[in-house]
Amino acid sequence: MKRTHHCSELRTEHAGQTVTLSGWVHSRRDLGGLIFIDIRDREGRTQTVFDPSDLPPETFERASTLRSEAVVSVSGKVRKRPDGTDNLKIASGQVEVMVTNLEVLNQAEVLPFPVDDPEVTAKVNEELRLQHRYLDLRRPEMVRNLRLRSKVATATRVYFDEQGFLEVETPLLFKSTPEGAREFLVPSRVHPGQFYALPQSPQQFKQILMVAGVERYFQLAKCFRDEDLRADRQPEFTQVDVEMSFIERQDIYDLIEGLLKRIWKTALDIDLPTPFQRLSFEEALNRFGIDKPDTRLGMELVDFTEEFRASKFKVFSGAVANGGHVKALNARGLADATQGQIEAMTECAKSFGAKGLAFIKVEGGEWKSPIVKFFTEEEKAALTKKLDIQEGDLILFAADEWLAACEILGRIRLYCADVLQAQGKLVIPKDRFDFLWVVDFPLLSFDKEQNRWYSSHHPFTAPVAEDIPLLTTDPRKVRGQHYDVVVNGVELGGGSIRIHQPDVQKTVFEQVLQIPPDLVQARFGYMLEAFRYGCPPHGGIALGFDRLLATLCGTSSIRDVIAFPKTAKGADLMTDSPAPVEPKQLRDLHIDLKVPKKEPQG
RNA sequence: GGGGGUGUAGCUCAAUUGGUUAGAGCGCUGCCCUGUCACGGCAGAGGUUACGGGUUCGAGCCCCGCCACUCCCGCCA
């Protein structure tokens, strides 16, 4: 049964050798008196020939009954294919194996969907693919993704080892810290009524490791968040988690740029230019309307606050009078936007609090717009100049508070880019990767509904040193030592320099975030205590490993780079989980269920 | 929690907008076929139109409900 070669290995120089191949029946061409069977393994495929003149009739008969995806082991002599019968589509296409022995290791029933035809399979309903993930993973594209993931994981470990990092595993049964994302809870059998939580990230352990003197820590860490899912979010996911002592922000930039450079070279043989561009949070919002800008798209936002301060168009001048901004973007070539597309954009703007969406279509040499009649010649000239308006352009406006105006147009910009790409008017090369750092985030944001400040990143993020006195006097102005790394509009990861002084950490928890002292003690007491016994200055970062792989593989869904992902409702369709448990299990855990009974249908 | 999309043969999709017995390609089954590689030829089987109601002379199509998948908003310290 042992194989001598894999199925993408044989070449003309192997001709004459007797070999054994093992794998799956990829395809079968039964010509009646002669049968061709392509054997496939994870490396590729090889054509085998069953010729009755070389074979016992019984073996030939068995070959004719083989079905797709049966598992076989065949032995025979390799030979160069007859002239004119080479198959250039496969690597082993110049040779074939003349089978003398066939062992059927397992038959396969008819499959629920084909795995041998990439065009068909790529369109198969994802529900079905997830139900039979083991078949989905046989597809060459999925094998490639698994392989790339493994390669990148190894490259990551090698890189960090070279840089003097220790890989340390941290617990999955952790303590609930309900400030952040909703957690998965694990009931304790031994401690009735008490729960573990699965970690949203190893944040606190990695900081504790710095107190422990590890100095350089990394881990490919499993993280868990019980929030609603998206194409780029799963309830359990993997982070490249990093923490270092005695560093400043620049050290993290250098380290991560080196890592990504290594990964891109290993995975795609692409040399990433470093250092990455650096944008402040404010500049990212001003120019792109989002804190994770996709700089490949062009169409930057332009500010017209001054130009429209005294405008006759009251929507603009009114917004400015209230301290707001007027911003615009030029969707080049989108003047032919349909009514439906304009409406979709307007709906999108409204969902961000806009009252409407002002626009100008530049068609046939004139500006078609319900608002252009309010504009003076000076205002029109300013628009033409700063937006470089040309025939065929679509100009879109937002007038609102600064952040809202930016975010509305930021969202519209992405919508326009989608439309332009679908129309072929915006073409982005597949091998283009625009990396950048977003820095200088505000440390705190204000929650209007709950009337309190919350951490923009997390409560362990260090303020810029000279801003520490402002924590209690003017929180809005405090800058955080936080950074995000972004590629092509995807937030790949983020981190910060941490607070390492127990008194500053206590101030943030109790006075700024207004967490009662007894709660702080119960939830974070061990950390504050640890900080008192000699905590080095430290900082770190976490990269979304799944998003990283999705970017490398050119897919928008991280499900394509996770072997066994869950659906949008967190179900595993293959194992049918989550699922009910036995009453005894619940009794052991001291749990009573209160699940409303479903109303009978009808 | 909210909004959009999808659900018809094993798979991918049609069904002239409410009208005869729901079709096609691939796959599957049987027979034929010695140089195929998307093999070819002939024949055949295969449907609770996701599910439950309703309107109608008549529903795959319209209405109500419900389930699953998917995308987005909220959410994701």
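We name chains A, B, ... by the order of the sequence lines, and we start the count at 1 in each one.
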Length of the CD-P vector between A:Q239 and B:rC76, whole Å: 16 Å

Atom pair distance, as rounded to whole Å: CD1 in A:I408 and C1' in B:rC73: 14 Å

5'-most by nearest nucleotide on RNA chain B - A:Y454 or A:K569: A:K569

Nucleotide opposite B:rU55 in a Watson-Crick or G-U pair, distances under 3.5 Å: none

Pair partner, B:rA24 [Watson-Crick or wobble, under 3.5 Å]: B:rU12

Rounded distance [0.5 Å steps], SG in A:C416 versus CG in A:L396: 5.0 Å

Pairwise 5' ranking along RNA chain B for A:E179 and A:D232, keeping only the more 5' one: A:D232

Side-chain N or O of A:R411 closer than 4.0 Å to phosphate OP1/OP2 of B:rC73: yes

Sequence neighbours excluded - salt bridge (Lys or Arg N to Asp or Glu O under 4.0 Å) pairs with any residue from residues 83-96 of chain A: A:R79-A:E96

Nearest heavy atoms of A:A70 and A:Q107, plus distance in Å: CB-OE1, 3.8 Å

Pairing nucleotide - B:rA68, Watson-Crick or G-U, each distance under 3.5 Å: B:rU6

Whole angstrom value for the distance that separates P of B:rG27 from CD of A:E109: 19 Å

Min side-chain heavy-atom separation A:V211-A:F531 under 4.5 Å: yes

A:R182 side-chain N/O to B:rG74 phosphate OP1/OP2 under 4.0 Å: no

Distance, rounded to the nearest Å, where A:R547 contributes CZ and B:rC76 contributes P: 14 Å

Pairwise side-chain contact, A:I558 with A:L549, heavy-atom cut-off 4.5 Å (strictly under): no

Listed partners of A:Q200 passing side chain to side chain donor-acceptor pair (under 3.5 Å), at least two apart: A:E183

Under-3.5 Å donor-acceptor pair between A:E96 side chain and B:rG35 base: yes

B:rC28 to B:rC39 separation - P atoms, rounded to the nearest Å: 10 Å

Separation between the C1' atoms of B:rA50 and B:rU56, rounded to whole Å: 23 Å

Sugar-phosphate, base or nothing in reach of A:R233, heavy atoms under 4.0 Å: base

Protein-nucleotide distance (A:E183, atom CD; B:rC76, atom C1'), rounded to Å: 13 Å

Base B:rG27 paired with A:R67 side chain (donor-acceptor, <3.5 Å): no

Residue list, side chain to side chain contact (heavy atoms under 4.5 Å, CB included) with A:F205, at least two apart or on another chain: A:T170, A:P171, A:F174

Whole-angstrom distance between B:rC26 and B:rC37, as gauged at atom P: 15 Å

Nucleotide nearest A:F113 when distance is taken to its side chain, options B:rC11, B:rC73, B:rU34: B:rC11

Sequence neighbours left out, cut at 3.5 Å: what donor-acceptor pairs do the side chains of residues 522-529 of chain A make with other protein atoms?
unit_1, atom_1, unit_2, atom_2, d
A:R523, NH1, A:E179, OE2, 2.4
A:Y526, OH, A:Q204, OE1, 2.4
A:E529, OE2, A:Y533, OH, 2.9

Rounded distance in Å between the C1' positions of B:rA38 and B:rG25: 12 Å

Anti versus syn assignment for B:rU17, with syn defined as within 90° of 0: syn

Touch class at under 4.0 angstrom, heavy-atom based, for A:R79 against every strand present: base

Spacing between A:L135 atom CG and B:rC11 atom P, to the nearest angstrom: 13 Å

Pairs meeting criterion salt bridge (Lys or Arg N to Asp or Glu O under 4.0 Å) with involvement of residues 553-563 of chain A, two or more places apart: A:E126-A:R559, A:R129-A:D560

Rounded distance in Å between the P positions of B:rU17 and B:rG60: 16 Å

Interatomic distance, A:Y415 OH vs B:rC73 C1' [rounded to whole Å]: 16 Å

Reading 5' to 3' through nucleotides 37-42 of chain B, protein heavy-atom contacts under 4.0 Å coded B for base, S for sugar-phosphate only, - for none: BSB---

Within-4.5 Å side-chain heavy-atom neighbours: A:L21 and A:L10: yes

Touch class at under 4.0 angstrom, heavy-atom based, for A:P82 against every strand present: base

B:rA14 versus B:rG47 - spacing of their C1' atoms, nearest Å: 15 Å

Which residues share a side chain to side chain donor-acceptor pair (under 3.5 Å) with A:T575, sequence neighbours left out: A:D572

Between C1' of B:rC76 and CD of A:E236, the distance in whole Å: 16 Å

Whole-Å C1' distance, B:rC66 and B:rG7: 14 Å

Whole-Å C1' distance, B:rU16 and B:rG23: 13 Å

A:F36-B:rU36 aromatic stacking (under 5.5 Å, under 30°): yes

G-U wobble or Watson-Crick pairing nucleotide for B:rG40 (cut-off 3.5 Å, both distances): B:rC32

Results of salt bridge (charged side-chain N to carboxylate O under 4.0 Å, His left out) for A:R413 - residues two or more places apart only: none

Residues from residues 123-133 of chain A lying under 4.0 Å of RNA chain B - heavy atoms: A:K123, A:V124, A:N125, A:E126, A:E127, A:L128

